[in-house]
Asks: 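Starting off with a structure, shown below.
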There are 2 protein chains.
Amino acid sequence: MPKIGMEPLRRKALIDATISAIGERGSLDVTMSEIAGRAGVSSALAHHYFGAKDELLLATMRHILAELTADMRRALRSASTARERVSAVVAVNFSDVQFRPETIAAWLAFYVEAQKSAALRRLLKVYARRLHSNLLSGLTGILPRNEADRVAEATAALIDGLYIRRALKDGVPNAATAIALIEDYLETKLSRRSAQ
Amino acid sequence: MPKIGMEPLRRKALIDATISAIGERGSLDVTMSEIAGRAGVSSALAHHYFGAKDELLLATMRHILAELTADMRRALRSASTARERVSAVVAVNFSDVQFRPETIAAWLAFYVEAQKSAALRRLLKVYARRLHSNLLSGLTGILPRNEADRVAEATAALIDGLYIRRALKDGVPNAATAIALIEDYLETKLSRRSAQ
DNA sequence: TTTTGTTGATTGATCCGTCAATAAAAAATA
DNA sequence: TATTTTTTATTGACGGATCAATCAACAAAA
């Protein structure tokens, strides 16, 4: 019984279903039928709206990225000092919305898939660059440029590393501990400089 | 034309072929025929020696892990002080043998697969624990126990994070830079404590 | 003649993507 | 207003491709 204006609702439902399916299976090896089933529609409809599976996956990654970007913008707006900006960027990556098992699993899976898909790789590179420049925007106010660059690189690596370890359910158990770890690193790096 | 004693040679060749195939494709989505072809045999032979595909993949991960463990032992043997032991553990992870594109891709792919395969997950957890205790064996000589634990956790996260970023071919470009980044972190962490 | 090495051919399952068909809403036309 | 037509929503069924795993068969060494 077709009601008009279904398209945006179905697209959203299918993308949500994709994330939860990936999260449960822990990889992109989910079938279109599985995803469609979770969204309460047939696989034919998923193809109708997204064309190929690749595009559904791409749209899903775009959605995750867009949410992260929005959260990041919000967090940066409410940070007044350079130091606060750095902490805000870190905190967003471990917020309740971002640091969920499904989202983490999706990130990891997409990282792997990016090695095959050029489109996905481009998306992830854009995110990486944005993360770096966001971190830098805070750090350059405190450290000399080339050292700020290093610290930004290390912080980004720490974030990714803590995501991976969380996916393995080994090592750092929760977001608070993860944040504390990175903040500890930043504190030693920044307080040291400011003390000299 | 069968010659005796082929089994160990074929096993080795198949495992090597698996690593190079995974490295090239960037994921575990490689067919048995592809792997067998690279090893110069038929896919039927691969099944003959390894049974199922899962077991070939598992054997491959075991092989990578065994090599890393051997390298680690060697490096630790030639380190005399606690501080040197820490650096040795870090260095091994970025040695020419370990920090190759194929090996990195394989690691990443296996991390993802571990979410599906319990056997693989067990393997990776063993590795994670060993890495942690190796780092700790050096750090406990310098830092109080609970802080040593934290630093070990952060170092492990940095290693994983730098692997991921290398896989994306973005960020840190080479092993030397990666090592410098981690050593810089360790130096600030350790020199600070020893100065107090 | 038994063991070891090896493969081509085949089977069975999975899964993506397409298509024809159906149904209801909306728009156009009479 | 009544009708036809078009657009939007939706699915079951199916074709075709891929691939893991098996098996029968063959060859050479022991």
Side-chain angles (χ1 to χ4, degrees), chain A residues 1-22 24-61 109-110 112-113 115-120, chain B residues 1-22 24-61 109-110 112-113 115-120:
Chain A
M1 335 74 180
K3 289 169 186 168
I4 52 146
M6 278 291 106
E7 176 155 1
L9 299 181
R10 295 304 193 198
R11 288 193 110 96
K12 176 76 163 60
L14 282 164
I15 286 175
D16 287 347
T18 304
I19 294 176
S20 94
I22 292 174
E24 200 158 296
R25 209 153 309 232
S27 88
L28 297 195
D29 251 335
V30 285
T31 69
M32 288 296 270
S33 306
E34 164 78 15
I35 294 171
R38 277 167 187 266
V41 297
S42 72
S43 71
L45 195 68
H47 276 105
H48 175 64
Y49 283 129
F50 286 96
K53 189 184 173 183
D54 301 358
E55 294 188 52
L56 173 54
L57 294 180
L58 206 61
T60 302
M61 187 72 239
F110 278 123
V112 171
E113 189 70 10
Q115 311 229 324
K116 274 189 276 186
S117 157
L120 214 47
Chain B
M1 336 73 184
K3 289 169 188 168
I4 52 149
M6 280 289 105
E7 176 157 1
L9 298 181
R10 295 304 193 199
R11 288 192 111 97
K12 175 74 163 63
L14 282 164
I15 286 176
D16 287 347
T18 304
I19 295 176
S20 94
I22 292 174
E24 200 158 297
R25 200 139 335 219
S27 88
L28 297 194
D29 250 337
V30 285
T31 68
M32 287 297 269
S33 305
E34 162 80 13
I35 294 170
R38 278 167 187 265
V41 297
S42 72
S43 71
L45 195 68
H47 276 104
H48 174 64
Y49 283 128
F50 286 95
K53 189 184 176 185
D54 301 358
E55 295 189 54
L56 173 53
L57 294 180
L58 205 62
T60 302
M61 187 72 241
F110 278 122
V112 171
E113 188 70 11
Q115 310 229 325
K116 274 188 276 184
S117 157
L120 214 46

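So that the names make sense, note that chain A is the first sequence line, chain B the second, and so on, each numbered from 1.
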Asks: At what distance, to the nearest 0.5 angstrom, does OG1 of A:T18 lie from CG of A:L56?
Replies: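 Separation between the atoms: 3.5 Å.
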
Asks: Atom CG in A:L58, atom OG in A:S117: separation rounded to 0.5 Å?
Replies: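 Output value for this atom pair is 6.0 Å.
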
Asks: Check this one for me: any side-chain N or O of B:Y49 less than 4.0 Å away from OP1 or OP2 of C:dT4?
Replies: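 Checking C:dT4 against B:Y49, no side-chain N or O comes under 4.0 Å of OP1 or OP2.
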
Asks: Could you check which of D:dT11, C:dA25, C:dT6 has an atom nearest any side-chain atom of A:L45?
Replies: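 Within the option list, the nearest is D:dT11.
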
Asks: Ignoring hydrogens and angles, tell me if any N or O in the side chain of A:K53 forms a donor-acceptor pair with the backbone of A:T31 under 3.5 Å.
Replies: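 Absent.
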
Asks: How long is the gap from CD1 on A:I35 to CZ on A:R25, to the nearest 0.5 Å?
Replies: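 Going from CD1 on A:I35 over to CZ on A:R25, the span is 10.0 Å.
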
Asks: Looking at every non-hydrogen atom in both residues, tell me the closest pair between A:L14 and A:A36 and how far apart they are.
Replies: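 In this case the closest contact between A:L14 and A:A36 is CD2-CA, 4.1 Å.
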
Asks: Mark up nucleotides 21-26 of chain D, 5' to 3', with B wherever a protein heavy atom is under 4.0 angstrom from a base atom, S wherever such an atom reaches only the sugar-phosphate, and - elsewhere.
Replies: BBB---

Asks: Could you state the atom-to-atom distance from CG of A:L14 to P of D:dT10 in whole Å?
Replies: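 The answer, rounded to whole Å, is 10 Å.
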
Asks: Pairs counted only when both distances fall under 3.5 Å, Watson-Crick or G-U: show me the 5' to 3' dot-bracket for DNA chain D, [ ] for pseudoknotted crossings and | for other-strand partners.
Replies: ||||||||||||||||||||||||||||||

Asks: Heavy atoms only, 4.0 Å cut-off, all strands: where does B:F50 land among base, sugar-phosphate and nothing?
Replies: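 B:F50: no heavy atom of the nucleic acid under 4.0 Å.
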
Asks: Between atom CD of A:E113 and atom CD1 of A:I22, what is the distance when rounded to the nearest 0.5 Å?
Replies: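 Atom-to-atom, A:E113:CD and A:I22:CD1 are 9.0 Å apart.
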
Asks: Are any of A:R10's side-chain N or O atoms less than 4.0 Å away from OP1 or OP2 of D:dT10?
Replies: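 Yes, because at least one side-chain N or O of A:R10 sits under 4.0 Å from OP1 or OP2 of D:dT10.
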
Asks: Just so I know, are the side chains of A:F50 and A:I15 near enough to count as touching, which here means a heavy-atom distance under 4.5 Å?
Replies: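 A:F50 vs A:I15: side chains touch.
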
Asks: Report yes if some heavy atom in the side chain of B:M61 is under 4.5 Å from a heavy atom in the side chain of B:L57; otherwise report no.
Replies: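 Sidechains of B:L57 and B:M61: no contact.
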
Asks: Among the nucleotides D:dA30, D:dT10, C:dT6, which one has an atom lying closest to any side-chain atom of A:M6?
Replies: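 Out of D:dA30, D:dT10, C:dT6, the nucleotide with an atom closest to A:M6's side chain is D:dT10.
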
Asks: In residues 34-42 of chain A, which ones come under 4.0 Å of DNA chain D, going by heavy atoms?
Replies: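 Hits under 4.0 Å, by residue number: A:V41, A:S42.
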
Asks: Can you tell me how far apart CZ (B:R38) and CD (B:E24) are? Round to the nearest 0.5 Å.
Replies: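 Separation between the atoms: 4.5 Å.
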
Asks: Any side-chain heavy atom of A:H48 sitting closer than 4.5 Å to one from A:R10?
Replies: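 Side chain of A:H48 against side chain of A:R10, heavy atoms only: no contact under 4.5 Å found.
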
Asks: Considering non-hydrogen atoms only, spot the tightest contact between A:A39 and A:A13 and give its length.
Replies: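 Taking every non-hydrogen atom into account, CB-O, 3.8 Å.
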
Asks: Measure from CD on B:E55 to C1' on D:dA20 and round the result to the nearest Å.
Replies: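 Value for this atom pair: 13 Å.
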
